[in-house]
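Residue numbers run from 1 in the order of the sequence given.
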Amino acid sequence: MKENLNIFKNFDKNKIKYIVWKNTNLINDFFEGRENLDLLIDFNQKKITEKLLLENAWVEVISNVKNHRNIKHYLFFNHKKTFHLHIYFQLRTGNTLLKEYDLSQIHNFLEKRNYNINYNLWILDYNYQFALFKIRLLIKNSNLLG
């Protein structure tokens, strides 16, 4: 792996249930510091997750345009790269600013995860990723802001 980020080891050590839920084709780019990574984390583990991120030198950044209570942005800096995590404590999608659709109740996506040994992190099952991709595509193509 390109970059060893202890946050994923700490999530596993603390039994934080998470998945990379979209854009898994960009995981390598995340570890190269070129892309963000979208994680869904169990809402019941929100406080411990936020604590672990802060303890591991991740900085929460807040938009001055639109913030969602259950979607957070974190950055981690090292001497060469900047890493960006989108942490979803609720699976919301839609327009980039609005995130007007809550998909959390459709299914417990955290139960459909696979461990990726190449990157040492949990990813959403590809069939569920594809289903969510189709839903997101329909949503974005069916509204004015999309």
Side-chain angles (χ1 to χ4, degrees), residues 1-104 107-137 139-141 145-146:
M1 185 167 35
K2 289 61 176 167
E3 185 73 31
N4 184 11
L5 295 175
N6 288 331
I7 194 62
F8 300 108
K9 288 179 187 175
N10 285 324
F11 283 167
D12 290 337
K13 180 180 168 186
N14 286 276
K15 297 182 179 17
I16 302 295
K17 215 168 202 182
Y18 74 90
I19 52 171
V20 179
W21 73 275
K22 68 176 182 168
N23 299 328
T24 56
N25 59 314
L26 300 176
I27 293 174
N28 190 62
D29 289 335
F30 166 76
F31 283 105
E32 292 296 326
R34 295 189 302 257
E35 274 294 335
N36 62 67
L37 198 62
D38 295 287
L39 300 182
L40 174 63
I41 297 180
D42 185 342
F43 180 81
N44 296 316
Q45 297 177 309
K46 185 175 182 178
K47 288 186 191 241
I48 185 68
T49 299
E50 291 171 339
K51 181 179 181 235
L52 285 172
L53 286 161
L54 292 176
E55 289 174 352
N56 283 272
W58 287 82
V59 177
E60 182 179 359
V61 291
I62 298 171
S63 169
N64 58 2
V65 177
K66 178 69 175 165
N67 293 292
H68 298 277
R69 182 176 56 236
N70 293 314
I71 303 172
K72 306 255 182 162
H73 296 262
Y74 288 89
L75 298 177
F76 178 82
F77 306 95
N78 74 11
H79 62 284
K80 298 180 201 170
K81 302 173 187 172
T82 300
F83 301 95
H84 184 178
L85 287 177
H86 294 166
I87 306 287
Y88 290 72
F89 294 105
Q90 182 182 37
L91 190 56
R92 297 187 67 88
T93 193
N95 173 272
T96 300
L97 293 176
L98 299 177
K99 300 289 189 216
E100 67 270 42
Y101 294 94
D102 179 1
L103 304 180
S104 301
H107 195 278
N108 184 355
F109 295 103
L110 292 168
E111 296 301 321
K112 298 298 181 187
R113 63 188 190 149
N114 300 305
Y115 193 74
N116 183 301
I117 58 172
N118 294 324
Y119 296 107
N120 297 314
L121 47 76
W122 294 93
I123 64 169
L124 180 61
D125 176 87
Y126 288 114
N127 293 316
Y128 285 86
Q129 282 185 55
F130 185 59
L132 286 174
F133 173 77
K134 290 193 293 187
I135 291 169
R136 290 173 50 240
L137 195 61
I139 288 170
K140 289 184 183 243
N141 289 331
L145 294 173

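The two residues T24 and V20 come nearest to each other via the heavy atoms CG2-CG1, 3.7 Å. Nearest heavy atoms, H86 versus D38: ND1-OD1, 2.8 Å. Residues Y115 and D12 share a closest heavy-atom pair of CE1-OD2, 4.0 Å. The shortest non-hydrogen separation linking Q129 to I123 is NE2-CD1, 4.4 Å.
Listed by chain and residue number, I48, E55 satisfy the side-chain contact (heavy atoms from CB on, under 4.5 Å) test with K51 (two or more places apart in sequence, or in another chain). Evaluation of the salt bridge (charged side-chain N to carboxylate O under 4.0 Å, His left out) rule for K72 yields E50, E60 as partners, not counting sequence neighbours. For L26, the side-chain contact (heavy atoms from CB on, under 4.5 Å) criterion is met by N23, D29, E35, not counting sequence neighbours. Among residues two or more places apart in sequence or in another chain, the side chain to side chain donor-acceptor pair (under 3.5 Å) test is passed with N114 by none. Residues passing the side chain to side chain donor-acceptor pair (under 3.5 Å) test with N14: none are found, sequence neighbours excluded. For D125, the side chain to side chain donor-acceptor pair (under 3.5 Å) test picks out no residue, with sequence neighbours left out. Listed by chain and number, the residues in a side chain to side chain donor-acceptor pair (under 3.5 Å) with Q45 amount to none (sequence neighbours excluded). With sequence neighbours left out, the ring-ring contact (aromatic ring centres under 6.0 Å, His included) criterion links Y74 to no other residue.
Taken to the nearest 0.5 Å, the CH2 atom of W122 stands 14.5 Å off from the CG atom of L40. To the nearest 0.5 Å, atoms OG1 (T49) and CG (N10) are separated by 11.0 Å. Here the CD1-CG distance, from I41 to L53, works out to 6.5 Å after rounding to the nearest 0.5 Å. Distance check, rounded to the nearest 0.5 Å: CZ of F89 to CZ of F43 gives 8.5 Å. Separation of atoms OG1 (T82) and CG (L75) is listed at 7.0 Å; rounding is to 0.5 Å. A distance of 11.0 Å separates CD1 of I87 from CD1 of I71, quoted to the nearest 0.5 Å.
In this structure, F31 and Y119 have parallel ring planes: the angle between them is below the 30° cut-off, well short of the 60° mark. Classified by interplanar angle (parallel below 30°, tilted 30° to 60°, perpendicular above 60°), the ring pair F8/Y18 is tilted.
Here the side chains of L124 and K112 are in contact, with some heavy-atom distance below 4.5 Å. Within the 4.5 Å cutoff, no side-chain heavy atoms of I7 are placed close to those of F83. In this structure, the side chains of L37 and L121 come closer than 4.5 Å at one or more pairs of heavy atoms. Two residues are said to be in side-chain contact when any heavy atoms from C-beta on lie closer than 4.5 Å; F30 and L85 meet this criterion.
A side-chain donor-acceptor contact under 3.5 Å links N70 and K46.
N78 contributes a side-chain N or O that, together with a main-chain N or O of K81, makes up a donor-acceptor pair within less than 3.5 Å.
In F130, the CZ atom is not crowded: 12 or fewer heavy atoms of neighbouring residues, nucleotides or ligands sit closer than 6.0 Å.
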